[in-house]
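Remember, it's 1-based here, ligands and their atoms both numbered in the order they're listed. Values in this document were obtained by computation on a predicted structure and should not be read as measured data.
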Amino acid sequence: MSAGPVAFPAQLVTLLRGSSRLVALTGAGVSQESGLRTFRDAHPSTGSGRAGLWSQHKPEDLASPEAFRRDPKLVWDWYAWRREAVKAVRPNPGHYALAEMEQHVPGFTLITQNVDGLHRMAGSQNVLELHGNIQRVRCAECYTFTEVWDDDTESVPRCRVCGGLLRPDVVWFGESLPRDQLEAAVEAARACEVFFSIGTSGVVQPAASLAFAAHNRGAVVVEINAEPTPLTQKADHVFHGRSGEILPRLVEAVWKIT
Ligand code: BV8
Ligand code: ZN
C-alpha cells in the first residue's frame, strides 16, 4: 500500500498556504504505522492466553458500561493490555507532521478519537481528545482520578475515596462525550476553512458528523485514509494511502517548498 509520489493539486496547496483556521480529525488509522491495531482489526484472530479472551468480543461490546457491569475484570484487563501496547510504541511521521502543521498554522485544531495520547507525545498542543485517554484512570462511582493502582490483583482495583471500581477515563459506547471537548470540536469544525479527516472509518458518532458540519459551513474537506469511507463522496480532495507517508509530504509541499 506504499503510496507512490503523491501529487497535491496546486489549488489545495495555495488554499492551505493562505489558510489560518484548519482542523484535523484523526482516528485509529493514524496510529496504525506506530504498530497499534485499528478498531477494525483490534483483536488477533487467534488470540493466545489472555488476549484470546478478547478475540471473542467485538471492541464496541467491550468498550461499554454494560460489559464493565457484566465482567469488570475482563474489561479492566483489556484496557491494561492496550495500555501496555501503547507504552511500547512511539508516534510515527504522521503524528509529527500534524504537530508541525500546528507550528505553521496558529489556528490549527487537532480533534482525535484516539485514546493513545500519541499526538501530544509528538508535540501537538491544541488537541481535543473526544473519547478520553487510556493512560488516565478514575473511579467509576465518584470520578476521582488516580495515578497509582495495583494491576496484578485478582479483581479490579478500587477507589481509595469511595471504594468504587476504577476504570479507564475513556468514553464508552452509549456514554456521552466530554462536553467541553465536544463543544470546542463542533465550534472548530464550523469555523474552519479546511477540514482534514485522517485515518478514520467515519462510522462512530458524533465524531463522524464533524466533517459534514464543516462541509455544510463551506469548508474544503480533505480525506486521507487507507480506504474509502462514507465521507469520500463528499470530500473535495481524497488521498487514499498511509497517513504516515502522505502527511509529511503534504507539509513539505505546502510549508517547506516556496
Ligand atoms: C454517544 C473510546 C450519547 C473507547 C470509542 C447515531 C447513529 C448511530 C449510532 C449512534 C448515533 N449516535 C450515537 C450512536 C451510538 C454510538 C455509535 O456511533 N455507534 C456506531 C458503532 C454506529 N456512539 C456512541 O455511543 C457515542 N456516545 O453518542 O452518547 C448517545 C448514546 C446513545 C445513543 C444516542 C446518543 C460514544 C462513541 C465513542 C465510543 N468510544 N473509543 C476505546 O477506545 O476503547 S470509539 C472508538 O472506535 C475509537 O475512539 C474510534 O472513534 C472508533 C474507531 O473508529 P476509527 O478510529 O475510525 O478506527 P477504525 O478502525 O474504525 O478505522 C480505521 C481507519 O483507518 C480505516 O478506515 C482504515 O482503512 C484506515 N487506516 C488504517 N491504517 C491506515 C489508515 N488510514 C491511513 N493510514 C494508515 N496507515
Ligand atoms: Zn470513588
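The part of Val115 lying near ligand 1 is the side chain, judged by heavy-atom distances below 4.0 Å. If you look at Glu175 next to ligand 1, the close heavy atoms, those under 4.0 Å, all belong to the backbone.
To the nearest 0.5 Å, atom CZ of residue Phe239 and atom CG of residue Leu247 are 10.5 Å apart. Here Glu223 contributes atom CD and Lys234 contributes atom NZ; the two are 13.0 Å apart, rounded to the nearest 0.5 Å.
Checked against a 3.5 angstrom limit, the closest N/O atoms of Gln32 and ligand 1 fall inside it. For ligand 1, one of its N or O atoms has an N or O atom of Ala226 under 3.5 Å away. For the pair Gly174 and ligand 1, the shortest N or O to N or O distance falls below 3.5 Å. For the pair Asn114 and ligand 1, the shortest N or O to N or O distance does not fall below 3.5 Å. Ligand 1 has no nitrogen or oxygen under 3.5 angstrom from a nitrogen or oxygen of Trp78. The N/O atoms of Val171, backbone and side chain alike, include one that comes under 3.5 Å of an N/O atom in ligand 1. Considering backbone and side-chain N/O atoms, Ala28 comes within less than 3.5 Å of an N/O atom of ligand 1.
Crowding of Tyr143 atom OH: a count of heavy atoms from other residues, nucleotides or ligands under 6.0 Å not exceeding 12. Other residues, nucleotides and ligands contribute only 12 or fewer heavy atoms inside 6.0 Å of the CD atom of Gln233. With a 6.0 Å radius and a threshold of 12 heavy atoms from other residues, nucleotides or ligands, Gln135 has its CD atom above the threshold.
Here the shortest heavy-atom distance to atom 5 (C) of ligand 1, taken over Gln205, Glu245, His131, belongs to His131. Distances from atom 3 (C) of ligand 1 to the heavy atoms of Ser176, Gly202, Ala208 show the closest one on Ser176.
Atoms of ligand 1 found under 4.0 Å from any heavy atom of Gly27 (numbered from 1 in listed order, with element): 56 (O). Atoms of ligand 1 lying under 4.0 Å from at least one heavy atom of Tyr79, given by number and element, are 4 (C), 42 (C), 44 (O). Of all the atoms in ligand 1, the ones that sit under 4.0 Å from a non-hydrogen atom of Glu33 are 78 (N), 79 (C), 80 (N). The atoms of ligand 1 that sit less than 4.0 Å from any heavy atom of Gly199 are 63 (C), 64 (C), 65 (O), 76 (N). Proximity to Gln113 (heavy-atom distance under 4.0 Å) selects the following atoms of ligand 1: 48 (C), 49 (O), 50 (C), 51 (O).
Of all protein atoms, those of element N, O or S that lie under 2.8 Å from the Zn ion (ligand 2) number 4.
For Ala97 against Pro248, the heavy-atom pair with the smallest separation is CB-N, 3.7 Å.
Side-chain contact check for Leu98 versus Phe196: every heavy-atom pair is 4.5 Å or farther apart. A heavy-atom distance below 4.5 Å is found between the side chains of Glu129 and Thr112.
Applying the ring pair (Phe, Tyr, Trp, His ring centres under 6.0 Å) test to pairs two or more places apart or on separate chains, those with a residue in residues 98-122 are His95-His119, His104-Trp255.
Ion pairing of Arg249 with Glu252 is absent here, as no side-chain N (NZ or NE/NH1/NH2) approaches a carboxylate O to less than 4.0 Å.
In this structure, Leu110 is a member of the same hydrophobic cluster as Val220, with clusters built from ILVMFWY side-chain heavy atoms closer than 4.5 Å.
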For a side chain to side chain contact (heavy atoms under 4.5 Å, CB included) check, start with the C-alpha distance between Tyr79 and Val170, then their side-chain angles and the critical distance, and finish with the verdict. CA-CA 10 Å; Tyr79 281 97; Val170 297; 3.9 Å; yes

Run Leu250 and Leu16 through side chain to side chain contact (heavy atoms under 4.5 Å, CB included) and show every step you take. CA-CA 10 Å; Leu250 179 70; Leu16 289 171; 4.0 Å; yes

Assess the residue pair Leu231 and Asn225 against the criterion (side chain to side chain contact (heavy atoms under 4.5 Å, CB included)); give the C-alpha distance rounded to whole Å, side-chain angles, the decisive distance to 0.1 Å, and a yes or no. CA-CA 10 Å; Leu231 180 67; Asn225 204 61; over 6 Å; no

For a side-chain hydrogen bond (donor to acceptor under 3.5 Å, both in side chains) check, start with the C-alpha distance between Thr38 and Gln32, then their side-chain angles and the critical distance, and finish with the verdict. CA-CA 6 Å; Thr38 65; Gln32 188 270 334; over 6 Å; no

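Ligand 1 has Gly241 within reach: a non-hydrogen atom of the residue lies less than 4.0 Å from it. Using a 4.0 angstrom heavy-atom cutoff, Ala207 does not count as in contact with ligand 1.
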